[in-house]
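What follows is a single structure, written as structure tokens, with notes after it.
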Amino acid sequence: MNKRIRKAVLPVAGLGTRFLPATKAVPKEMLTIVDRPIIQYVVDEARAAGIEHIVFVTGRNKHVIEDHFDVAYELEDTLKARNKTAALELLEKHRPQPGSTSFTRQQAPLGLGHAIWCARDIIGEEPFAILLPDVIIKSQVSCLKQMVDLYERTGGNVIAVEEVPEDHTHQYGIVELAEELSANASRISSMVEKPAPGTAPSNLMITGRYILQPQIFDLLSAQDKGAGGEIQLTDSMLTLMKDQPFASLKFEGRSYDCGSKAGFLSANIAFGMDDPKLVEELVPFMRDMIESPLAAE
Ligand code: UTP
């Protein structure tokens, strides 16, 4: 039987330079999509997949993330005194259980692979999930839950993938596929970061959700630097692939890369459209903007 996926790592130690000056004092992960910080969507996805413990790999200036997932005593006391039950319930619903989160610091932003390695002691000897918190996924069923369901059948390592137009493949990590395992899943034979235009082995990009075996930590501990002088997760995954199976899952849903301005704004519109009241105001506004940008000013 495959070991259960109980823990997830959320690396939040990046600098978020693409959102400066917004991210000078506020972490990128705390920017808001409609009415929740980006990181809340990712934690909710993990909890919906049965994750029991979340490890945040943080850096300087990220303490507000820790506060966000804690009790806010003053606020909650005031809400109680004012009988604001709905607001209190909302806060409670989104708060992880006491003792189900850990925070560890990366100390220096040496790359995603290094950030994951910093979680090694807290994860220990069990398979675990990684969710890149600047990617949020809109789906019927939590994307990570879909991956866990596949993992329970296949074991090994699982990577979520999504189709991108052929002429965009050079912007992403792209997988090369071997045999099909089921309608949406295949064995991965290789992967490549940002392939030169026209050389991509498929049109399936790596989406920022992984289930990995703990042997990845031994490989990361070599601390070899890859592209951009950073310790890359992809390099260690490629080495692990020589010994262990990797499966890809074309999940049901759509990802939004909130680390980019276009992705962030698209996510606000996409998640905003879930609220019928917002739809009433947003749709006519967007129509005006498209038909006559000046009229909407
Ligand atoms: P990005 O490549 O998006 O980097 O990291 P970034 O620093 O967050 O953002 P930009 O490019 O400067 O705007 C992908 C993920 O890996 C984490 C980031 O927090 C993000 O979730 N990361 C990256 C770390 O935790 N540590 C690192 O050293 C690098």
Side-chain angles (χ1 to χ4, degrees), residues 7-31 33 37-46 51 54-66 68-69 101-123 128-137 143-144 159-160 162 168 170-174 191-194 205-210 212 216-217 220-237 255-267:
K7 298 180 185 175
V9 180
L10 273 60
V12 289
L15 298 177
T17 52
R18 282 170 290 171
F19 270 96
L20 283 170
T23 48
K24 192 176 164 201
V26 176
K28 168 171 77 171
E29 298 78 13
M30 291 302 291
L31 300 180
I33 304 295
I38 295 171
I39 191 103
Q40 182 77 62
Y41 288 86
V42 182
V43 165
D44 291 348
E45 179 190 334
I51 294 296
I54 296 181
V55 184
F56 296 88
V57 181
T58 72
R60 288 172 56 75
N61 286 337
K62 302 277 181 164
H63 52 268
V64 63
I65 296 176
E66 204 164 340
H68 176 74
F69 290 108
T101 52
S102 296
F103 293 81
T104 184
R105 282 215 178 180
Q106 191 188 6
Q107 297 178 345
L110 300 179
L112 175 60
H114 181 260
I116 302 303
W117 178 75
C118 290
R120 65 198 179 284
D121 280 352
I122 307 174
I123 297 296
F128 65 103
I130 299 172
L131 297 95
L132 298 195
D134 37 13
V135 176
I136 60 175
I137 296 176
C143 173
L144 186 62
I159 295 181
E162 193 173 13
H168 288 196
H170 64 283
Q171 300 170 21
Y172 304 104
I174 302 290
M191 54 184 126
V192 50
E193 272 302 329
K194 303 194 171 105
M205 71 155 176
I206 298 173
T207 312
R209 301 289 185 268
Y210 313 79
L212 296 179
I216 195 79
F217 292 122
L220 288 169
S221 66
Q223 311 258 324
D224 293 331
K225 293 202 170 97
E230 294 195 345
I231 300 167
Q232 299 285 355
L233 181 63
T234 311
D235 295 345
S236 291
M237 289 197 296
S255 74
Y256 294 87
D257 175 10
C258 298
S260 80
K261 286 175 193 166
F264 175 77
L265 293 172
S266 306

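Both counts, for ligands and for their atoms, begin at 1 and track the order of listing.
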Can you name the residues that form a salt bridge (Lys or Arg N to Asp or Glu O under 4.0 Å) with Asp44, not counting sequence neighbours? Arg36

Exactly one of Lys225, Gln106, Gln232, Glu230 clears side-chain hydrogen bond (donor to acceptor under 3.5 Å, both in side chains) with His114, and that residue is Gln106

What do you reckon, are the aromatic ring centroids of Phe128 and Phe217 less than 6.0 Å apart? yes

State yes or no: are the ring centers of Phe69 and Phe56 separated by less than 6.0 Å? yes

Around ligand 1, what residues show up once you keep those with a heavy atom under 4.0 Å from it? Pro11, Val12, Ala13, Gly14, Leu15, Gly16, Thr17, Arg18, Lys28, Glu29, Gln106, Pro109, Leu110, Gly111, Leu112, Ala115, Pro133, Asp134

Could you pull out all residues at least two apart from Tyr210 that satisfy ring pair (Phe, Tyr, Trp, His ring centres under 6.0 Å)? none

For Gln171, enumerate each residue passing the side-chain hydrogen bond (donor to acceptor under 3.5 Å, both in side chains) test, keeping only those at least two apart in sequence or located in another chain. none

